[in-house]
Amino acid sequence: MIAAQAIIDAFQQHYGTLPALIGRAPGRVNLIGEHTDYNEGWVLPVAIDLDAAVAARPRTDRTLQLYAHDLETEATLNLDSISQEVGGWTSYTRGMAALLQEAGYQLKGADLVVMGDVPRASGLSSSAALEVAMGTTLTALSGQTVPGVELAQLSQRTENNWVGVNSGIMDQMISALGKRDHALLIDCRDYSTQAIPIPSNVRIMVCDSKKSRELAHSAYNERRAQCEEAVRLLQSVLPGIRALRDVRPDELEAHADLLPPIILQRARHIVTEDARVLDSVKALRASDLATFGHLMNESHRSLRDDYEVSSKELDTLVEAAQQVPGTYGSRLTGAGFGGCTVSLVVPEAVDRFKERVAAAYRQVVGYEPEIYVCVAADGASAARL
Ligand code: GLA
């Protein structure tokens, strides 16, 4: 988490004065429910104690003066003529400012400094953190608060149409609405949420493979299209369905012959993953971590074999983690291909876990992974100074 003093110092150094407020929003790790969000299903992420922070001071004109501390880059934007160009480091700010105004929020010009400690391009949603933090800050400056679901929706539209990544809504929802010491069950059809307490006798380990996700964008879009194709084909026998969320595993198997093998595999991951999320919530509510861990392992197997979004690096991390005594379960988290895995372990196993997983990874892949213990943190907030 970015220390308030660090961003205050950066602001003062850049603008020669103190900021009026700091908005922040966290990255996330998803415990279970992968690739289900864009199929209108369920996900169970936690917000983590790494975040994006934006320090701000209002101006009297319509200018947004933006300084990205980590990139040592600045830009000047005008609230009345925001360019719709897709991509580039200012796209997060341009998207949020344009969409908030379109939704009726009155924004003020501001001097801004952005900092973050969510590692970029590692599958922990640094991009959702930045969108949500920026939305929170720009509205807080004029004394407004955006309801969490609306903030997440505007952030997802920024990601899709300004940043240019066709993601679902999970990352933005958890960044806006995360709750300390809880995982959030999100229904990605109606956006309702339930906070599920995380038992105190478990640790959330995140292992970063440090493998870039080159293939991720095109493969992600291909998976989305395959899921839509499955729905289209199944509608001939299940006319009431709108998304794979509406199909039970037994119904899919009963109509398996309607789908080409690859489409069947993709759909099988989604319908079984939705069932695993709902079962895992029951297990978590009962503090049954053994069952929860088993479901995580099954989720990984399904992502690897049916959805085919794993990689040698992610499989190595997961297999090594699963062998450490004291690990309940382990799986890839996020879109896949590269990025991170998530594992739940007993607190006494943390050191052993780090040593053994790092050693196994080094031996197979040839370099060190980054391993963190993550604490389930609160979602977005703004604080006046
Ligand atoms: C990425 C996307 C999310 C979600 C996951 C896979 O993180 O941003 O919307 O689809 O992949 O579960």
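Atoms within each ligand, like the ligands themselves, are counted from 1 in listed order. Excluded from the calculations below are hydrogen atoms, water molecules and symmetry mates; all remaining heavy atoms, backbone and side chain alike, are included. The first residue of the sequence shown is numbered 1, and numbering continues consecutively from there.
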> Out of W42, Y307, F337, which one pairs with H35 under the ring-ring contact (aromatic ring centres under 6.0 Å, His included) rule?
Replying inline: Y307
> Does E273 reach the main-chain N or O of G33 with its side chain, forming a donor-acceptor pair under 3.5 Å?
Replying inline: yes
>> As a quick check of understanding, evaluate side chain to side chain contact (heavy atoms under 4.5 Å, CB included) for L64 and L112, giving each step before the final call.
In response: CA-CA 7 Å; L64 288 182; L112 303 162; 4.1 Å; yes
> Considering the options I198, V345, V373, which one meets the side chain to side chain contact (heavy atoms under 4.5 Å, CB included) requirement together with I204?
Replying inline: I198
>> Applying the side chain to side chain contact (heavy atoms under 4.5 Å, CB included) criterion to D274, which one of E40, R248, R245 satisfies it?
In response: R245
>> Measuring from atom CZ of R28 to atom CG of L31, what distance do you get when rounded to the nearest 0.5 angstrom?
In response: 10.5 Å
>> I'd like the residue list for ligand 1, meaning every protein residue with a non-hydrogen atom under 4.0 Å from the ligand.
In response: R28, E34, H35, D37, Y38, S167, G168, M170, D171, Y220, G334, A335
